[in-house]
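Encoded as structure tokens, the structure appears first; notes follow it.
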Number of protein chains: 2
Amino acid sequence: MTTSQSGGSPAGSGDAEKKLRPARTNATKQKLFEASMELIGERGAAGVTVDEIATAAGVSKGTVYYNFGSKSDLIAQLLRHGVDILMARLLSVRDDSADPLAAMEEMIGQAMDFMAEYPSFARLWVSENWRTPSEWQDTFAELRGRLLAVIGSAIDGVAAVYPVDPAVSRGSLETAIFGACFVVGLDRQTYNPERTREQSVAAIMASMRGYVMKQPPAQA
Amino acid sequence: MTTSQSGGSPAGSGDAEKKLRPARTNATKQKLFEASMELIGERGAAGVTVDEIATAAGVSKGTVYYNFGSKSDLIAQLLRHGVDILMARLLSVRDDSADPLAAMEEMIGQAMDFMAEYPSFARLWVSENWRTPSEWQDTFAELRGRLLAVIGSAIDGVAAVYPVDPAVSRGSLETAIFGACFVVGLDRQTYNPERTREQSVAAIMASMRGYVMKQPPAQA
DNA sequence: CTAACTAAACTGACCAGTCAGTTCAAATAG
DNA sequence: CTATTTGAACTGACTGGTCAGTTTAGTTAG
């Protein structure tokens, strides 16, 4: 069970020591992330073998187990890795509060760019996210919460300035927008490559424009 | 590769003879659909064995191969089966054109009910839908087209009566609504069981209300 | 009587995880 | 400056097990 490697095993290391120890390791992990993102996005977590991942990364199978504790662990870290990238992009949108609707629109645009750039991650996410008893259940819950918080605060920004339909719960709207980003992004890549980024953003933004009410602001 | 069964094999029968031949077969197929829908929804197509499906359906493994040519074939027919049910519900909404927005709302409600009743089908759909080279690719393309057509005509119904934002392409909106139904439905079941049907419908309907413009109708 | 189904054994491929051994750059010693 | 040691990083053959699909001889029910 325990990976009793001859040397110290970085497999178990959560996140710490990012500067001192690793020499080749980080480059190797990066290659493994890229290779497995690609393969797993295409054929699913269960449909890809560790050997394939190792070969695609130009590394031996043992190296995968040296760097990660298990296939499952690799995928968990892969999920975190992808979410880190997406989060960074979403947070790059300055909430200058000039117009919260514009901020929202840019966030959705960033999300669409991310889906276009990492479609395999998006596929992995939607493939595994809603499985009921799954390894990664906790991972998903945590990452989902982080992402929804960002979207939620953008919605709050809008609700603070515009009058807003009280019949629409913030939580459901978060979910709808979040989900629409993934689905619209994936659908564009899979079935409608001719669709533009702007069309996609506009379609998702429709729910925000439907959320703000047509009456003039109720002057807080 | 070729399924050379001893007895006459209904395995290859696409859709024809639904009345003449089968005596026990239909009941068995039904049981197999239910069992595999459940299992595959939970653990994914690749994560479930044919033996498990057979046992769960209270049937022998041979029967699975008697009724279906292969695991892959079973899943393809399972997809069609689920879409048939969903389509029937969507089409049950009378397009009385009294208010196309109300019709749209009821359609989304029907979709939410379906997701609540067959969450495993929804999981199967989102898990496999966007895989790039997959068996079932053609099946998905066809079924997706059928479903989008129904939603599209509901959108057209709205666009025929209300003034509508030309910046939002019908295709992207179809996709966004279609996808939101799956994602919101699944999220409700997985992460937010306290969310009501109405909240979910309202969140998805927001995109329709954002699609119709705030100016008074342009009087066709 | 025959289509539908059973039960069980079997094949051949495939795969996650293991482990004994190799490499090599940097540290330490002479 | 050279020799030796250390250990992290990596290798790839191997193991124990699983699984899709097949086959066969017999049973059940319409």
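Computed from heavy atoms alone, side chains included, the values below leave out hydrogens, waters and symmetry copies. In what follows, every chain begins at residue 1, and chains take the letters A, B, ... in the order their sequences are listed.
Rounded to an integer number of Å, the gap from A:Glu135 CD to C:dA16 P is 12 Å. One atom, CD1 of A:Ile75, and another, C1' of C:dA16, lie 12 Å apart when rounded to the nearest Å. Here the C1' atom of nucleotide C:dA3 and the NZ atom of B:Lys29 are 14 Å apart, to the nearest Å. Here D:dT11 presents its C1' atom at 13 Å from CG of A:Asn67, a figure rounded to the nearest Å. The nearest whole Å value for the distance from the NZ atom in A:Lys31 to the C1' atom in D:dT11 is 13 Å. Between B:Leu39 atom CG and D:dA20 atom P there is a gap of 12 Å when expressed in whole angstrom units. Rounded to whole Å, atom C1' of D:dA8 lies 13 Å from atom CG of A:Asn26. In this structure, B:Leu74 atom CG and D:dG21 atom C1' are separated by 14 Å, rounded to whole Å.
Within residues 45-53 of chain B, the residues having any heavy atom under 4.0 Å from DNA chain D are, by residue number, B:Val48, B:Thr49, B:Val50.
OP1 or OP2 of C:dC5 has not a single side-chain nitrogen or oxygen of B:Tyr66 nearer than 4.0 Å. For D:dC10, neither phosphate oxygen OP1 nor OP2 lies less than 4.0 angstrom from any side-chain nitrogen or oxygen of A:Ser60. At C:dG17, one or more side-chain N or O atoms of A:Tyr65 fall inside 4.0 Å of OP1 or OP2 (strictly under the cut-off).
Taking CZ of A:Phe33 as the reference point, atom CG of A:Leu74 lies at 6.5 Å (rounded to 0.5 Å). Within the model, atoms CG of A:Asn192 and OG1 of B:Thr175 stand 5.5 Å from one another, a figure rounded to the nearest 0.5 Å.
Electrostatic pairing of A:Glu52 and A:Arg43 counts as a salt bridge here, judged by a charged N lying under 4.0 Å from a carboxylate O.
Nearest to the side chain of A:Ser70, among D:dG21, C:dA7, C:dG17, sits C:dG17. For A:Val59, counting side-chain heavy atoms from C-beta on, the closest listed nucleotide (C:dG17, D:dT11, C:dA3) is D:dT11.
The base of C:dG17 is not paired with the side chain of A:Lys71 by any donor and acceptor separated by under 3.5 Å. Under 3.5 Å, the side chain of A:Lys61 and the base of C:dA16 form at least one donor-acceptor pair of N or O atoms.
For A:Glu135 and A:Ser72, the side-chain atoms include at least one donor-acceptor pair closer than 3.5 Å. Between B:Tyr65 and B:Asp73, the side chains place no donor N or O within less than 3.5 Å of an acceptor N or O (distance only, hydrogens not considered).
Every residue two or more places apart in sequence or in another chain was checked for a salt bridge (Lys or Arg N to Asp or Glu O under 4.0 Å) with B:Glu198, and none qualifies. Partners of A:Glu174 according to the salt bridge (Lys or Arg N to Asp or Glu O under 4.0 Å) rule, which considers only residues two or more places apart in sequence or in another chain, are A:Arg170.
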